[in-house]
Amino acid sequence: MGKQITPKVTWVGKIDWELKTFHGDELSTHRGSSYNSYLIKDNKVALIDTSWIPYDKEFVNNLKQEIDLNKIDYVIMQHNECDHSGALVELMREIPNTPIYCTAKGEAIIRGHYHKDWNFVNVKTGDTLNLGETTLTFVEAPMLHWPDTMFTYMSGENILFSNDGFGQHYATESLFNDAVDSTEVYQEAMKYYCNILNLYSPMAIKKIKEILAMNLPLNMICPSHGVIWKNNPSQIVETYLKWADAYQENQITLVYDTMWQSTRLMAQAIAKGIQEADKNVTVKIYNAAKDDKNDILTEIFKSKAFLIGSPTINNGYSYAIAGLLEMIKGLKFKKKKAACFGSYGWSGDAVKQLSIHLQEAGIEVVNEGIRKLWVPDNAMLEDCREFGKEFAKAL
Ligand code: FEO
């Protein structure tokens with residue numbers, strides 16, 4: 001059912017407690033998510049975004065409890081990935097002539113998904129829609145994170161509807177950021193930024209600065225996933241500016257895969273050396289085949305440097321590391337240093353190949369890496385420890 005969040009705005013979305021993966025299996029969502037949709041009742045009535053396809057009927061039925069659908073004057077579609085546009089078919093079946101306000105790219109995407117000839121109205125940055133006492137102003141935000149994305153600012157109640165921007169995959173019945181565990185929310189907001197938005201960081205900085213320059217009063221930021229930023233909404237804007245600017249903490253992360261434990265032993269010895277060289281740095285170790293890939297990527301996002309380890313297999317590196325490397329490449333991390341390590345039996349190609357591919361991904365590889373034959377003995381592990389020390393000192 002709907003939840004009134006201001007005198008004129010009611011949240012009419014869906015809280016999805018059981019969602020565990022998103023984008024197919026691309027993104028883990030341990031804490032569920034929500035598909036936030038907002039109903040604005042002024043002299044005119046506008047609906048902002050809908051819900052994901054599996055909940056389309058539930059969404060429309062719940063919406064009917066809030067309003068006679070024929071009283072909706074405008075449907076605003078800020079971004080048309082199916083987690084937000086998925087209930088459009090069900091909704092538009094009931095109100096087929098209601099105009100859908102979206103960017104030109106948004107119209108193309110809706111047409112490409114649903115193949116319907118609805119009443120589209122294309123909007124651009126600066127276009128406005130008067131609802132009576134309040135006015136909506138549209139701001140295109142292409143590639144944050146799709147070409148069609150736009151934000152919507154509501155005057156009077158001073159709300160920025162930001163769609164995926166500032167969102168988190170975080171299910172809560174409480175809706176507002178001041179009513180939930182802020183550590184959890186920030187973990188999920190960072191994971192969301194890292195895995196979905198990081199590659200578009202230059203656009204994020206530009207768009208945030210453009211919006212800040214408008215000097216709009218801001219009471220609330222209403223994203224399309226997770227909590228509404230009601231208490232000090234600018235906190236997440238300021239945090240985004242930090243995250244978008246080659247973010248790093250004093251952390252070094254080691255990620256490895258291992259077949260018979262040799263590469264794991266190397267990882268542990270390297271980590272020991274790093275800690276001996278720098279007692280203040282946070283060192284974390286993950287097994288790429290066992291730990292969650294998106295959590296690992298978020299740890300790399302937080303790190304000033306990272307190490308990747310893989311045994312040589314089939315003259316290359318492991319499946320789990322290959323998948324992770326592809327994601328590192330895609331997310332375009334900036335100003336991170338790295339090195340590679342791994343055990344081998346004969347060809348021993350993994351370390352060299354990993355180093356080359358990390359460089360191709362824009363990562364600064366600080367040395368040639370270290371590899372050890374078969375099972376490392378104490379002397380070999382001592383080498384690894386020294387390698388860790390030198391790595392930490394070189395940062
Ligand atoms: Fe939440 Fe890009 O869809």
Side-chain angles (χ1 to χ4, degrees), residues 11-38 47-56 58-59 75-91 100-114 138-152 160-172 175 185 188-201 203-204 207-208 221-229 236 240 243-244 294 297-298 327 330-332:
W11 176 94
V12 289
K14 165 70 186 173
I15 300 163
D16 191 347
W17 284 94
E18 66 175 31
L19 187 81
K20 293 298 166 232
T21 62
F22 188 79
H23 284 162
D25 209 17
E26 279 294 299
L27 179 62
S28 60
T29 51
H30 308 312
R31 292 190 173 103
S33 192
S34 64
Y35 319 105
N36 297 338
S37 169
Y38 302 95
L47 176 73
I48 299 189
D49 298 328
T50 71
S51 188
W52 187 31
I53 296 167
Y55 302 110
D56 59 354
E58 182 178 330
F59 172 80
V75 175
I76 316 289
M77 290 307 304
Q78 304 187 103
H79 164 49
N80 297 285
E81 197 163 5
C82 63
D83 53 327
H84 308 298
S85 64
L88 264 184
V89 172
E90 198 64 25
L91 177 68
I100 297 175
Y101 282 62
C102 60
T103 59
K105 286 271 176 19
E107 177 182 344
I109 289 170
I110 293 173
R111 285 183 184 276
H113 277 61
Y114 306 108
F138 303 109
V139 180
E140 291 168 278
M143 301 322 296
L144 293 175
H145 67 123
W146 269 23
D148 63 330
T149 303
M150 68 174 185
F151 298 161
T152 306
L160 180 69
F161 296 96
S162 58
N163 197 264
D164 285 336
F166 312 118
Q168 334 90 46
H169 285 306
Y170 186 73
T172 170
L175 274 190
V185 167
E188 295 304 331
M190 179 186 274
K191 180 173 176 178
Y192 194 99
Y193 186 87
C194 163
N195 285 276
I196 293 185
L197 291 167
N198 188 68
L199 75 160
Y200 303 119
S201 287
M203 289 84 144
K207 188 52 59 180
I208 287 172
I221 296 176
C222 291
S224 60
H225 299 289
V227 296
I228 292 167
W229 300 92
I236 189 63
Y240 258 46
W243 287 346
N294 306 104
L297 289 164
T298 310
M327 296 180 94
L331 293 178
K332 294 191 166 32

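Source: prediction; values computed, not measured. Every number for a ligand or one of its atoms is a count from 1 in the order of the listing. Sequential numbering from 1 along the given sequence is applied to the chain's residues.
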Please calculate the NE2(H84)-atom 1 (Fe) of ligand 1-NE2(H225) angle and round it to 10 degrees. 90°
So which of the N, O or S atoms of D83 lies nearest atom 1 (Fe) of ligand 1? OD2
What's the shortest heavy-atom distance between L88 and V75, and which atoms? CD2-CG1, 4.2 Å
Take the angle between the ring planes of H225 and Y35 and call it parallel below 30°, perpendicular above 60°, tilted in between. perpendicular
Ring geometry between Y38 and F161 (parallel below 30°, tilted from 30 to 60°, perpendicular above 60°): tilted
Of all N, O or S atoms in D164, the one closest to atom 1 (Fe) of ligand 1 is OD1
Taking all non-hydrogen atoms of both residues into account, name the closest pair between C102 and E107 and its distance. SG-N, 3.5 Å
If you have a sec, read the angle at atom 2 (Fe) of ligand 1 from H79 atom NE2 over to E81 atom OE1, to 10 degrees. 90°
